[in-house]
Amino acid sequence: MFAALMAIQKNGASFIVSHPLNKSKGRFHSTSSSNRAKHPRSIFEQITNLDDALKLFDEMTHKQPLPSVVKFSRLLQAVTKMKQYSCSIELFKQMNLLCVPVNAYTISIVIRCCCQMHRTGEGFAVLGYGFKRDILPNVCTFGTLLNGLVLEDRILKAEKLFKKLIKEGLCEPNAIMYNTMIKGLCRFGNNDTAIALIKLMDGRGCKPDVVTYNTIIDSLCKDKMVDDALNLFNEMVFHKHILPNVVTYNSLIHGFCNLRRWDDVSNLLKEMEDERISLDVHTYSILVDALCKEGKVEDANCIINLMIERGINPNVVTYSSLIDGYCLRGEMSKTREVLNLMRSQGLVPDVVTYSSLLNGYCKKLMVEEAMDLFHEITKKGMKPNVITYSTMIQGLFRVGRGKVAHELFHEMQAHNLIPNECTYKIILEGLCNNNQVDEALSLFHLMGGNKLNSNIKVYTILIDGASRTGKLDVARVLFNDLNVKCLQPDVRTYNVMINGFCREGLVGDAKELFLKMEEKGCLPNSVTHNVLLQGFLKNQQLDTIEMLLLEMEGKGFSVDASTVSLLLDHIKARSLDASLLKLIGKLVPKEGVDAL
DNA sequence: TTAGGGTTAG
């Protein structure tokens, strides 16, 4: 992928490859139709601060006769554009007191303010207010309310409203409204219904646009269904003759990066070049992030230089990815260089940047430095989010500071931050690793049927914690619980359980589970084999060692350092035959051969 | 001649 990008750079002059779309539509070469002379900016468009707006409102309300509803609407819109939503609503209330006339436009603006503040219920109240004054809602009014419901994740309500509008003929949805509904469905993970909506809108004579497709393509990519996304892409381009844009490509590139399908990434980059769609700051950031996650921070730096050469400035997101890359490699001094670079470019690190750094320090067990950063976030007027808190809590647990971790957990909740799945796992793991398995188990039971408890990783943490502290019976119960909950154990769960059996000398149970996991469609990995091997060695079950080693050789697995040391102990003690050394030699990773 | 959505990156 990196090579492809560099190649594109070299061939910068680029050649135009004909694309079916260029022939059918020729829109790439069409002349701009927006050459009309710009109107001078009106007084309302010139307002950029709230004080001026309020002053103007005051003047307007003192005029005799009162200015028109249009003028008031424009002022209200100006305030809304400044994101001063509650202020807009306040002005609307005053307008009513002063008997300034309002119309459908005014109502829509005010409803939008309610929705943007996640107070869609109040938006509906404004709708009712309109009804009382014979101001009838239209597709804009309903579109705004629908968007409000989507913003609040009230997808069922949104669907109900959408269906009602069609069924009762209250308004015929347009592309904007369909796109909003599609966005909601995708957010809710309902890609299939979203795709069905494309057909519905088409059938009702409303043409989907590039945003319609981009929304679903992105959602499919996020759900790792990149091939479905590509199919939809083809449908959009070749059947609907809708041109993709940089957003379409960004979603696809991101999807393929996440799956490490670099050839596909290269192809898409090449296609963008062929189609003369310029890469933007998002595209570059996606690539920088992907390279950093692969540990290729140097290449990521090259991409950043490349984008700068091409006149696109890296932003906070771009640099945060780079910081994350250095953190992953534990190169914290490099992160300071990046921070200085950011500052020199006037970029202010945000809470995500800080969370990355915090994570870096915590991974290196430099928890004091992490704590300093944590406090810096608040000092700088930013608010730590769930990720920041979870990262810090994990770091504290790792260095055995469970008490402070607890305090932070409570502080987080006091700030109305709701712990997520990750937080929950961190807490359970932290408790288990700090000799507080009982607390972990009580927390788990306290959560009862919560969906967080229907998670295989949560179970694995607890099974591991219980079996490590001699509570194998509890571990067994938890493991059997998986069946009841229809949860499929993954390879880690099996490894942890097999390890638990071995620890208690129950090699027979361990072997049985080892055989069963494959039957259940979960292939044992290198760790499983090492765990079982160690179990056999520690429990003097030496007759199957050679067979297991041969199996590992056949599967291309390797023996880890502690297994090797155990094997050698047995050979020294002559409980295992020295002829095994040759086989063991083949199973030791290259860098470990010297140890033999 | 005043209203709604707008999809993508850490």
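Within every chain, numbering begins at 1; the chains are lettered A, B, ... in the order of the sequence lines, protein sequences first and strands thereafter.
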ask   = Does a side-chain N or O from Gln116(A) land closer than 4.0 Å to OP1 or OP2 of dA3(B), or not?
value = no
query = Which part of the nucleic acid does Ser320(A) contact within heavy-atom distance under 4.0 Å: base, sugar-phosphate only, or nothing?
reply = base
Distance, rounded to the nearest Å, where Asn147(A) contributes CG and dT7(B) contributes C1' = 12 Å
message = Tell me the interatomic distance from Asn313(A), atom CG, to dG10(B), atom C1', rounded to whole angstroms.
response = 17 Å
N or O in side chain of His282(A) less than 4.0 angstrom from dT7(B) OP1/OP2 = no
ask   = If you look at every heavy atom in Cys362(A) and Ala370(A), which pair is closest and at what distance?
value = SG-CB, 3.7 Å
key: Any N/O donor-acceptor pair, Asp350(A) side-chain to dG10(B) base, under 3.5 Å   = yes
Minimum-distance nucleotide to Val247(A) side chain [options: dT8(B), dG4(B), dA3(B)] = dT8(B)
Cys140(A), nearest nucleotide to its side chain (from dG4(B), dG10(B), dA9(B)) = dG4(B)
request  = For Val288(A), report the nucleic acid contact type (base, sugar-phosphate, nothing); a contact means any heavy atom under 4.0 Å.
outcome  = nothing
key: Any Asp227(A) side-chain heavy atom under 4.5 Å of Arg261(A) side chain   = yes
query = Which listed nucleotide (dT1(B), dA9(B), dA3(B)) is nearest to the side chain of His254(A)?
reply = dA9(B)
task = Find the distance Leu185(A):CG to dG5(B):C1' and express it as a whole number of Å.
result = 14 Å
query = Touch check for Thr144(A), heavy atoms < 4.0 angstrom, all strands: base, sugar-phosphate only, or nothing?
reply = sugar-phosphate
ask   = Side-chain donor or acceptor of Asn103(A) under 3.5 Å from a matching atom on the base of dA3(B)?
value = no
ask   = Using a distance-only test with no angle check, is there a side-chain donor-acceptor pair under 3.5 angstrom linking Thr144(A) and Asn147(A)?
value = no
query = Which whole-number value in Å describes the distance from Met181(A) CE to dT7(B) P?
reply = 17 Å
inquiry  = Suppose we call two aromatic rings close when their centres sit under 6.0 Å apart. Are Tyr361(A) and Phe374(A) close by that rule?
reply    = no
message = Using whole Å, what does the distance between atom C1' of nucleotide dG4(B) and atom CG of Asn138(A) come to?
response = 9 Å
ask   = Any side-chain N or O of Arg187(A) under 4.0 Å from OP1/OP2 of dT7(B)?
value = no
query = Ile109(A) side chain: which of dG5(B), dT7(B), dA3(B) is closest?
reply = dA3(B)
inquiry  = Rounding to an integer number of Å, can you tell me how far Phe72(A) CZ sits from dT1(B) P?
reply    = 16 Å
note = Separation between CD1 (Ile377(A)) and OH (Tyr389(A)), nearest 0.5 Å, reads 9.0 Å
message = Side chain of Ser73(A), heavy atoms from C-beta onward: which of dT2(B), dT8(B), dG5(B) has the nearest atom to it?
response = dT2(B)
message = Between the base of dG5(B) and the side chain of Asn174(A), is there a donor and acceptor pair under 3.5 angstrom?
response = no
Nearest-angstrom distance from the residue atom CG of Leu145(A) to P of dA3(B) = 17 Å
request  = Determine whether any donor atom in the side chain of Asp280(A) lies under 3.5 Å from an acceptor atom in the base of dA9(B), or the reverse, and answer yes or no.
outcome  = no
ask   = Checking all strands, does Thr353(A) fall into the base, sugar-phosphate, or nothing category for heavy-atom contacts under 4.0 angstrom?
value = base
query = What is the distance from CG of Asn359(A) to P of dG10(B), rounded to the nearest Å?
reply = 15 Å
message = For Phe188(A), give me all partners under ring pair (Phe, Tyr, Trp, His ring centres under 6.0 Å), at least two apart in sequence or on another chain.
response = none
inquiry  = Applying a 4.0 Å non-hydrogen cut-off, can you work out what Asn179(A) is touching in the nucleic acid: base, sugar-phosphate, or nothing?
reply    = base
key: Which nucleotide in dT7(B), dA9(B), dA3(B) has an atom nearest any side-chain atom of Ser108(A)   = dA3(B)
task = Using a heavy-atom cut-off of under 4.0 Å over every strand shown, decide if Lys81(A) touches base, sugar-phosphate, or nothing.
result = nothing
message = So Val316(A), base contact, sugar-phosphate only, or nothing? Heavy-atom distance under 4.0 Å.
response = base
request  = Decide whether Asn103(A) and Thr106(A) meet the rule of one side-chain donor and one side-chain acceptor closer than 3.5 Å.
outcome  = yes
